[in-house]
Every structure is written in C-alpha cells, then in structure tokens.
**Student:** 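Can you read through this structure? Questions will come right after.
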Amino acid sequence: MTFQDFNFEPELLEGLLSMGFKQPTPIQEQAIPIILNNNDIIACAQTGTGKTAAYLLPIISKIIKSKSETVDTLIIAPTRELAIQIDEAIQGFSYFAPVSALAIYGGNDGASFEQEKKALMHGANIIIATPGRLISHLNMGYVKFGHIKHLILDEADRMLDMGFNEDITKIISFLPKHRQSLLFSATMPNKIRELAKKILHNPEQINIALSKPAEGVTQGAYVVYDNQKIGLLKSVLQENHKESVLIFSGTKERVKEMERELRKANINAAAIHSDLEQDKRNDVLREFKSRKINVLVATDILSRGIDIDSIGLVINFDVPRDAEDYIHRVGRTARAESTGVALTFVNPDDQYKFKKIEDLIGNEINKLPIPTQLGTGPEYNPEKNKRIFTRGSHGGKKRR
C-alpha cells in the first residue's frame with residue numbers, strides 16, 4: 001500500500017512526495033480510511049508508531065477539499081513540546097496547500113497571546129492547544145468554535161494523569177455536538193474508556209504495538225558537548241572510511257555546515273535537504289547508491305525517503321525528536337537481514353529525550369568513550385537534564 005491509495009488531495013500528495021513519505025505505517029493504514037469515512041476512533045498507540053501523521057493527513061486532505069476558511073480542527077495536547085511538534089508536522093505536510101495552523105501553549109509573552117487571540121477570532125484552520133492555555137482564551141469570551149468539525153485528543157492518558165480532565169470537559173462544552181472525535185492514548189486504563197464514552201460516538205478501535213530496530217543493528221551513543229561533535233564525527237568517519245554512511249541532523253543549517261566541514265577534511269560527503277531542488281536530491285541519492293559519494297548528510301524531514309540497502313553506519317548527529325524518527329533513521333542500516341551500526345551523539349540538553357527513546361525501545365543503549373584528543377565529555381544524567389527538556393520555548397507559527 002502507498003499513500004496514493006488513500007486518494008488524498010493532490011497538494012497533500014505533493015507534500016508527502018517532497019518529504020519522502022511512500023508507504024504508510026500500520027496505524028496509518030488502519031486509521032486513515034476510518035477518519036476519511038468520518039467515523040470516530042479510539043486508538044491505543046505509542047509515540048513511534050506514526051500516529052501524528054495518521055490523524056493529520058486525512059484531516060489536512062479534508063480541509064483542502066472543503067476549502068475551509070474557519071477553525072475546522074482542534075487538537076488538544078498535554079505539553080507545549082507535543083503541540084510544537086504537531087504544528088511543525090502540519091507545516092511540512094501542508095507545504096503546498098493553503099492550510100493554516102497555530103500552536104497555542106503557555107509560557108509565551110503578551111504578543112504571542114495577542115497572536116493566538118487573532119487566530120482564534122479570525123480562523124486558522126487547525127488549532128493545536130494545551131488545555132490550560134486554551135481555557136485562558138475561552139474564559140475571555142471571544143473564542144468561537146461553532147464551525148469545528150474535528151476534535152483530536154493526543155496522548156489522552158497523559159493529559160488525565162496531569163489533571164486536565166475537568167479542562168477537557170470544559171473545552172468540549174464549547175464545541176458542536178455533531179463533530180468527528182479522535183482519541184489517541186499510549187495506554188487504555190478505565191479512566192480513558194470513561195472519557196471515550198463521554199466524547200466519542202460509536203468509535204472504531206485500533207491497537208498498535210511499537211516497532212523496534214532490527215536485531216542486526218549494533219547501537220551506541222557518545223555523550224558529548226556540542227563543540228565536540230564535529231571533531232567526533234570526523235574521527236568516526238576516518239575509522240569507517242570504507243562504509244556507506246548516513247548522517248542525520250535536525251536542521252538544514254547544521255546539515256550544510258557538516259557538509260562544508262567534512263569536505264574541508266577531504267571526506268567524500270554530500271548533503272540532501274529541503275533547499276535542494278528535487279532533481280538535485282535525486283542526483284545526490286544516485287551518486288550515494290553508486291558509491292561515488294560514501295557519506296550522505298540529511299535532515300529529519302527527508303529520512304523516510306532514503307531507501308538504500310547496504311548502508312553500514314547511521315549517525316544521529318542530533319538526538320531524534322522522538323522514537324519514531326530514531327527507529328526510521330536506525331532502520332536505514334541492517335536491512336535484508338544484514339548487520340549495521342547506529343551511533344547517536346547526545347549533548348546535555350538532549351539526555352532526557354534520549355532516555356525516553358531508550359525506555360520506548362526497551363533497551364539501554366551502550367555509551368561509548370569519546371576519543372581522548374577531544375577532551376572529557378559531560379556526565380550522563382538524564383534526570384538532571386529533565387527540566388531542560390520540559391522547559392523549552394518556541395513561538396507558535398501561523399501559515400497560510
């Protein structure tokens with residue numbers, strides 16, 4: 001099955017093609033037809049199964065088709081980090097489509113609150129909100145949710161654990177009774193089932209287990225400071241100069257910087273990122289497949305589109321945003337029952353995020369010593385760095 005089988009709107013398919021999305025994950029295969037058929041869903045699915053795209057893609061396709069100019073969809077998420085992540089995913093999927101979105105979450109300044117107010121009054125197509133922040137707007141009296149067609153609760157179990165039950169009930173009281181509601185939760189305790197009975201109408205149920213990296217992948221991590229990463233990367237590549245190597249980073253700016261630094265070190269490297277035209281991307285991939293280039297540096301957004309066998313080494317220059325990204329990256333090596341190595345560079349800010357990935361895949365990843373010439377790395381203490389992970393602040397963005 002491919003994404004074309006869902007009969008998405010052409011603008012959405014173009015966005016998926018540019019991001020390298022080809023085949024849906026199991027939850028996407030199951031959920032997308034149900035959502036397109038306007039049925040409610042209760043889904044047990046962890047981060048790492050592709051659940052965000054499972055609900056965003058059919059919703060975006062519906063918005064494109066309806067040419068909606070009002071607030072069409074409300075997504076409620078427990079944390080600002082998840083709200084930001086969902087907003088960024090929408091921006092990627094709807095790159096070629098006239099779909100607008102705004103993330104609403106606490107901790108911003110007055111200017112951000114005013115921007116959120118305008119979006120709520122005048123209509124971004126999709127609002128992603130944390131419960132407390134949205135309640136603040138609702139209490140002001142100017143929020144009009146009369147045209148909402150879709151309600152999505154993401155990580156519902158976590159929201160209830162954080163004490164948002166009453167807030168969710170209050171938010172739902174502002175919504176039309178006739179709407180499509182989708183509830184996603186990593187676990188399905190009784191309190192989630194009770195919530196589902198209140199807000200869902202004859203829901204279809206989905207239960208998806210998390211995939212794991214292939215057994216043939218040897219995983220390792222280096223705990224480093226940011227200023228040690230380039231030196232470590234050069235050292236690792238010099239030791240593995242005969243391998244085909246894929247390097248992933250979170251931003252195109254860092255990808256471009258790595259390409260420059262590696263070429264200065266006479267390492268045969270090329271970069272692939274969203275600033276490259278599709279023809280140029282194809283040329284780079286062909287050269288990598290034919291071994292004219294043995295080191296390829298890529299951004300997260302394109303990681304799924306790289307379908308190449310016989311890659312001996314995958315390097316995560318940055319800790320992936322979530323376990324799904326990690327599993328997709330690591331899955332580029334040890335394919336077809338072969339073996340491979342996956343290495344991750346973990347800075348102090350990303351330690352808690354990395355520990356969450358370890359917890360999710362059910363394995364502690366071996367921490368490797370960094371080369372002595374690079375000096376001493378930081379202590380690995382993810383709980384100490386938990387506050388850094390949970391504190392983050394990003395500005396909400398609205399796109400048209």
Side-chain angles (χ1 to χ4, degrees), residues 18-23 211-222 224 229-252 254-320 324-346 357 361 365-366 368 370-371:
S18 71
M19 294 170 71
F21 278 59
K22 295 179 181 178
Q23 293 181 314
S211 59
K212 300 290 180 69
E215 291 184 4
V217 181
T218 300
Q219 301 174 69
Y222 290 96
V224 293
K229 283 187 175 183
I230 289 293
L232 176 60
L233 180 62
K234 293 176 182 178
S235 176
V236 169
L237 292 177
Q238 287 164 359
E239 291 179 7
N240 296 271
H241 64 278
K242 294 182 180 180
E243 297 281 6
S244 288
V245 183
L246 260 177
I247 305 169
F248 289 115
S249 181
T251 68
K252 62 187 175 185
R254 196 168 291 131
V255 164
K256 293 175 183 178
E257 177 191 355
M258 272 191 279
E259 181 184 30
R260 289 193 299 268
E261 291 292 333
L262 294 179
R263 285 183 172 179
K264 285 180 186 177
N266 295 317
I267 294 171
N268 187 17
I272 184 168
H273 48 78
S274 59
D275 281 353
L276 290 181
E277 296 291 335
Q278 188 64 49
D279 288 346
K280 180 60 177 175
R281 293 182 203 171
N282 293 339
D283 290 343
V284 172
L285 286 175
R286 276 194 294 269
E287 291 184 349
F288 186 59
K289 286 181 178 179
S290 65
R291 303 280 182 125
K292 292 180 181 178
I293 297 168
N294 69 310
V295 177
L296 181 63
V297 191
T299 50
D300 281 341
I301 202 167
L302 298 172
S303 63
R304 293 170 185 256
I306 299 172
D307 190 15
I308 302 169
D309 293 328
S310 303
I311 294 172
L313 174 62
V314 169
I315 298 174
N316 297 310
F317 191 81
D318 307 300
V319 175
E324 181 186 8
D325 291 333
Y326 182 84
I327 290 167
H328 280 291
R329 290 189 192 181
V330 170
R332 301 305 92 195
T333 189
R335 307 191 73 177
E337 299 183 355
S338 63
T339 59
V341 176
L343 302 174
T344 303
F345 296 177
V346 186
I357 291 172
I361 66 174
I365 296 171
N366 190 30
L368 305 171
I370 63 176

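Just so you know, residue 1 is the first one in the sequence shown, and it goes up from there.
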**Student:** Determine whether Thr218 and Asn366 satisfy the following criterion, side-chain contact (heavy atoms from CB on, under 4.5 Å), listing intermediate values before the conclusion.
**Tutor:** CA-CA 9 Å; Thr218 300; Asn366 190 30; over 6 Å; no

**Student:** Phe345 vs Tyr222 aromatic rings, parallel, tilted or perpendicular, using cut-offs 30° and 60°?
**Tutor:**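 Geometry flag for Tyr222 against Phe345: perpendicular rings.
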
**Student:** Test of understanding: with side chain to side chain contact (heavy atoms under 4.5 Å, CB included), list the residues that count as partners of Glu261, not counting sequence neighbours.
**Tutor:**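 Per chain and number, Glu261 pairs via side chain to side chain contact (heavy atoms under 4.5 Å, CB included) with Ile230, Lys234, Glu257, Lys264.
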
**Student:** Closest approach of Ile357 and Pro320, non-hydrogen atoms and distance?
**Tutor:**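 Looking at all heavy atoms of both residues, the closest pair is CD1-O, 3.8 Å.
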
**Student:** Consider side-chain contact (heavy atoms from CB on, under 4.5 Å). Of Thr344, Val297, Asn316, Asp318, which one does Phe248 pass it with?
**Tutor:**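 Running side-chain contact (heavy atoms from CB on, under 4.5 Å) over Thr344, Val297, Asn316, Asp318 with Phe248 returns exactly one hit, Asn316.
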
**Student:** For Arg286, give me all partners under side chain to side chain donor-acceptor pair (under 3.5 Å), at least two apart in sequence or on another chain.
**Tutor:**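 For Arg286, the residues satisfying side chain to side chain donor-acceptor pair (under 3.5 Å) (neighbours in sequence not counted) are Asp283.
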
**Student:** Give me the atom names and distance for the closest heavy-atom approach of Ala271 to Glu259.
**Tutor:**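 Ala271 and Glu259 have their closest heavy atoms at N-OE2, 3.2 Å.
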
**Student:** With Glu243, which residues qualify under side chain to side chain donor-acceptor pair (under 3.5 Å), at least two apart?
**Tutor:**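 Checked Glu243 against side chain to side chain donor-acceptor pair (under 3.5 Å); zero matches.
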
**Student:** Calculate, to the nearest 0.5 Å, the distance between atoms CG and CD1 belonging to Leu296 and Ile272 respectively.
**Tutor:**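 Between Leu296 CG and Ile272 CD1, I get 6.0 Å after rounding to 0.5 Å.
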
**Student:** Drop me the distance from Ile365's CD1 to Leu343's CG, to the nearest 0.5 angstrom.
**Tutor:**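 CG of Leu343 is found 10.0 Å from CD1 of Ile365.
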
**Student:** Quick one: salt bridge (charged side-chain N to carboxylate O under 4.0 Å, His left out) partners of Lys292, sequence neighbours excluded?
**Tutor:**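 Salt bridge (charged side-chain N to carboxylate O under 4.0 Å, His left out) list for Lys292, sorted by chain: empty.
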
**Student:** On a heavy-atom basis, which atom in Ser249 and which in Met258 lie closest, and how many Å separate them?
**Tutor:**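 Of all heavy-atom pairs spanning Ser249 and Met258, the closest is CB-CE, 3.5 Å.
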
**Student:** So which heavy atom on Phe288 is nearest to which on Val295, and how close?
**Tutor:**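 In this case the closest contact between Phe288 and Val295 is CE1-N, 4.1 Å.
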
**Student:** Have a look at Val330 and tell me which of Ile361, Val341, Val217 forms a side-chain contact (heavy atoms from CB on, under 4.5 Å) with it.
**Tutor:**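 Passing option: Val217.
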
**Student:** According to side chain to side chain contact (heavy atoms under 4.5 Å, CB included), who are the partners of Ser235, at least two apart in sequence or on a separate chain?
**Tutor:**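 Here the qualifying residues are Glu239, Pro371, Gln373.
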
**Student:** Between Leu368 and Gly220, which heavy-atom pair has the shortest distance, and what is it?
**Tutor:**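 So the minimum-distance heavy-atom pair works out to CD1-CA, 4.2 Å.
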
**Student:** If you round to the nearest 0.5 Å, how far is CZ of Phe317 from CZ of Arg254?
**Tutor:**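 One gets 6.5 Å once the value is rounded to the nearest 0.5 Å.
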
**Student:** Would you indicate whether the side-chain heavy atoms of Leu233 and Leu262 approach each other to under 4.5 Å?
**Tutor:**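 A side-chain contact under 4.5 Å exists here.
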
**Student:** Kindly compute the distance separating CD (Gln238) from CG (Asn266), expressed to the nearest 0.5 Å.
**Tutor:**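 So the gap between those two atoms works out to 10.0 Å.
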
**Student:** Looking at CG of Leu313 and CG of Asn240, how far apart are the two atoms once the value is rounded to the nearest 0.5 Å?
**Tutor:**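 Answer rounded to 0.5 Å: 5.0 Å.
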
**Student:** Kindly write out the residues that satisfy side chain to side chain contact (heavy atoms under 4.5 Å, CB included) with Asn294, not counting sequence neighbours, or none if the list is empty.
**Tutor:**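 Testing Asn294 for side chain to side chain contact (heavy atoms under 4.5 Å, CB included), a comparison that skips the adjacent residues, returns Asn268.
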
